[in-house]
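Written out below as structure tokens is the structure these notes cover.
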Amino acid sequence: MDPAILHIHEEERRFPPPQAFKAKARIKSIAEYNSLYEESIRHPEQFWAKQAELLRWFKGWDSVFDWDREACRFTWFKAGKLNVSDNCLDRHLEAHPEKVAIIWQGEPEQEVRMLTYRQLHQEVCKFANVLKKKGFRKGDRVCVYLPMIPEAAIAMLACTRIGAIHSVVFAGFSSAALKDRIQDSQAEILVTADGSRRSGKDINLKEMADIAIKDCPSIKNVIVVQHVKNSAAMRKGRDSFWHEEMCGISDICEPEHMDAEDPLFILYTSGTTGKPKGALHTTGGYLVYVHLTFRDIFDYKDSDIFWCTADVGWITGHSYIVYGPLSNGATVLMFEGVPTYPDNDRFWHVIEKFKVTVFYTAPTAIRALMRFGDAPVKKHNLSSLRLLGTVGEPINPEAWMWYYSTIGNSKCPIVDTWWQTETGGILISPLPGAMTLKPGSVSRPFFGIRPVVYNEEGNLAKRDEGGYLAITHPWPGLMRTVWGNHERYIETYWEKYKGEYFTEDAARIDKDGDIWLMGRIDDVIKVSGHRIGTAEVESALVSHPSVAEAGVVGRPHQIKGQCLYAFVTLKHGIQGTDQLKQELIQHVSTTMGPIAKPDYIQFADGLPKTRSGKIMRRILKAIAEGAADVGNTTTLADPTVVDELLKHRIE
Ligand code: PRX
């Protein structure tokens, strides 16, 4: 067994739901959860059909679930017709048109926008008409490369209104990453902004977009939101401003009747190979799944102010800023800034300002803020909070305890939610009114989810034995394919355990049935909760003219969780100077984006390789982590490279 999946730590602390929380919770006891869970497993079709009725359908489905196991294809709610924007907007117009749908807090304190359901509906219909005017129709791809501004949600919902498929690219990615994603999806329109803001600085997004689309002939139109109001260069005939397009256009746009299995969006994510894969999510199943998980895991109340700090460019933003909350008619807060600007109490300030009730963030942010102690928190009244959540990576018990006691004042349960871009919504998490929490455990599977852990031999792991996490049966929110590459979908997710979804995570299930995540088992590293494929960083490094070869691995980091450690072999005759290191770091940042910058670069004359030439990352990882023993090196073509690497290891 890989040492990474051996478990050593025993967590003894227990936190039952506070009485006051439990009394008002949707699901109030473990018995209630157990009975609903059992029903969802015993009669999945009946269960999901009932949940699907929470949404508005233009036409009912013919069959709830069909599964061609051989082809790894399945459908939910086949032939049912609905529209996502209709469910997220129109459906709420009768009940509460003036309820605020989106509160937007800009990075500058004075910049706040409130969009009611009525206003959001109008904006979405108008932008849908803009897309239509440009000739966009059902099935066409729209690339959205926007900062955290309401226009991102408006553009996404407008796509769903007309049945176009959106592909949102995180605005922290740079040109090359954007280019790859546009080329793969063959998007014909790019929605972007003149710039984005980051810690008081403006970043010229349009310039990056322009570099990317030089090599993207599929792009016919670029629509630019004037956000930072720089003088973005506009190309005649191709580029236009959002506000000009929206001027005078009708705000009436009938929602397209979409098939439940029609594609809704593509979202690119990193994997083991250098090429990101486009996870394809479809309309009906995805919406049912995010609707229900949002409602039950965040114990949704009409009066909630829900703040998810993720970027809309990641799956968390898609599912729990846009589709989950809005399909429930909730008020969501969208925040453009960062936790530490202009000061390290910005999060707490925003919670107090808008009386946020449910706060959902990442362990890396909690760790970063914990460093400043309790004083910045105590400056603010956080008594509006009733529930906390985390996502993206394992949370260490110290950070959990600080979050619980200092932020939640020991009265807010924490939902530690485990899921993935591929899974559409949360799969494993406590239900906050029903479950006793253990710091560091993600608790129990959500309704309809059947997790199993396999040991190295492929048998079911015993209680507390670490192993590989798989899910035995498809659920409505699971991605349907990799865009344009069903083979890759099969290979990555369905081949290891025939007919079961393989998560590429390690986990264990304890004696009470609670699940503990133990990290990725592939070459994907979570840096500050962002998913980074080491192969992508390696190819970015190798694209620099001085680099011959690179091996990138993760190293534990106090705040980021993991950071990147790169071993780089230079081309013959090139000197490994500090200046070159900085240049390489900058090169990765400009090709991939600042999130992928290595923290360490070690120059090396040779990398540990097998006789067939494969880089042995296991050994590089041991070196980067400072392990006392790097393990077996006898299969290496040249074992002496290891001594050299150890000698020059960066502390
Ligand atoms: O390793 C798991 C980790 O994040 C991976 C998925 O990353 P991504 O697709 O970017 O989606 C992140 C947001 C849903 C998983 O394979 N992960 C996510 N949540 C947790 C987690 N690891 C431990 N605990 C979590 N709560």
Side-chain angles (χ1 to χ4, degrees), residues 4-5 7 11 168-170 172-173 266-272 276-279 281 286 289-290 293-294 297 308-321 323-324 360-367 388-397 399-400 403 414-430 437-446 449 451 466 468-471 477-479 482 492-493 501-508 514-534 536 554 560-562 595-596:
I5 43 187
H7 120 85
E11 173 60 58
V168 182
V169 178
F170 173 52
F173 277 133
I266 305 168
L267 187 54
Y268 287 88
T269 189
S270 301
T272 306
K277 42 189 180 226
H281 286 283
Y286 171 82
Y289 196 73
V290 296
T293 47
F294 176 78
I297 294 170
C308 163
T309 68
D311 194 281
V312 75
W314 304 119
I315 191 69
T316 310
H318 283 53
S319 300
Y320 300 110
I321 294 178
Y323 297 119
Y360 188 34
T361 195
T364 184
I366 300 167
R367 286 192 296 265
L388 302 171
T390 74
V391 59
E393 51 178 320
I395 182 163
N396 45 312
W400 195 100
Y403 197 32
I414 297 178
V415 287
D416 179 353
T417 63
W418 175 84
W419 58 297
Q420 309 175 304
T421 305
E422 294 87 337
T423 69
I426 299 165
L427 294 200
I428 309 179
S429 162
L437 308 173
K438 300 175 183 171
S441 165
V442 292
S443 289
R444 304 292 171 93
F446 190 69
I449 303 303
Y468 305 115
L469 179 66
I471 315 286
L478 178 58
M479 70 186 279
V482 170
T492 314
Y493 305 107
Y501 171 77
F502 178 46
T503 66
E504 304 183 291
D505 271 352
R508 72 180 165 95
D514 287 315
I515 301 172
W516 300 74
L517 261 297
M518 300 159 93
R520 304 277 310 183
I521 55 127
D522 57 358
D523 292 319
V524 169
I525 291 170
K526 292 292 249 11
V527 179
S528 300
H530 300 311
R531 178 166 161 175
I532 299 185
T534 51
E536 284 171 71
K560 300 180 186 179
Q562 293 262 291
I595 55 165

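Whatever order the structure lists them in is the order used to number ligands and atoms, beginning at 1.
- Atom numbering of ligand 1 starts at 1 in the shown order; those under 4.0 Å from a heavy atom of Val391 are 13 (C), 14 (C).
- Nearest to atom 12 (C) of ligand 1 by heavy-atom distance, out of Glu504, Arg531, Glu393, Lys526, is Lys526.
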Walk me through whether Arg367 and Asn396 qualify under side chain to side chain contact (heavy atoms under 4.5 Å, CB included).
CA-CA 9 Å; Arg367 286 192 296 265; Asn396 45 312; 3.3 Å; yes

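- The N/O atoms of Ile315, backbone and side chain alike, include none that comes under 3.5 Å of an N/O atom in ligand 1.
- Counting the atoms of ligand 1 from 1 in the order shown, those under 4.0 Å from a heavy atom of Asp416 are 25 (C), 26 (N).
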Apply the test side-chain hydrogen bond (donor to acceptor under 3.5 Å, both in side chains) to residues Ser319 and Tyr286: give CA-CA distance (whole Å), side-chain angles for both, the deciding distance (0.1 Å), then the verdict.
CA-CA 9 Å; Ser319 300; Tyr286 171 82; 2.7 Å; yes

Stepwise side-chain hydrogen bond (donor to acceptor under 3.5 Å, both in side chains) check, Thr293 with Tyr320:
CA-CA 9 Å; Thr293 47; Tyr320 300 110; 2.6 Å; yes

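- For ligand 1, none of its N or O atoms has an N or O atom of Thr503 under 3.5 Å away.
- Proximity of Thr417 to ligand 1, defined as any heavy-atom pair under 4.0 Å, is confined to the backbone N, CA, C and O atoms.
- The side-chain hydrogen bond (donor to acceptor under 3.5 Å, both in side chains) test with Thr269 singles out one residue from Glu422, Arg531, Gln420, and that residue is Arg531.
- A donor atom on one side chain and an acceptor atom on the other are not found under 3.5 Å apart for Thr417 and Ser429.
- Of the options Leu517, Val415, Asp505, the smallest heavy-atom separation from atom 1 (O) of ligand 1 is shown by Asp505.
- The shortest N/O to N/O separation between Thr390 and ligand 1 does not fall below 3.5 Å.
- Ring centroids of Phe502 and Tyr493 are separated by 6.0 Å or more, keeping the two rings apart.
- Counting only non-hydrogen atoms, the option in Pro363, Gly392, Gly271 that gets closest to atom 19 (N) of ligand 1 is Gly392.
- The shortest N or O to N or O distance between Thr316 and ligand 1 is not under 3.5 Å.
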Can Lys438 and Glu11 be said to form a salt bridge (Lys or Arg N to Asp or Glu O under 4.0 Å), step by step?
CA-CA 7 Å; Lys438 300 175 183 171; Glu11 173 60 58; over 6 Å; no

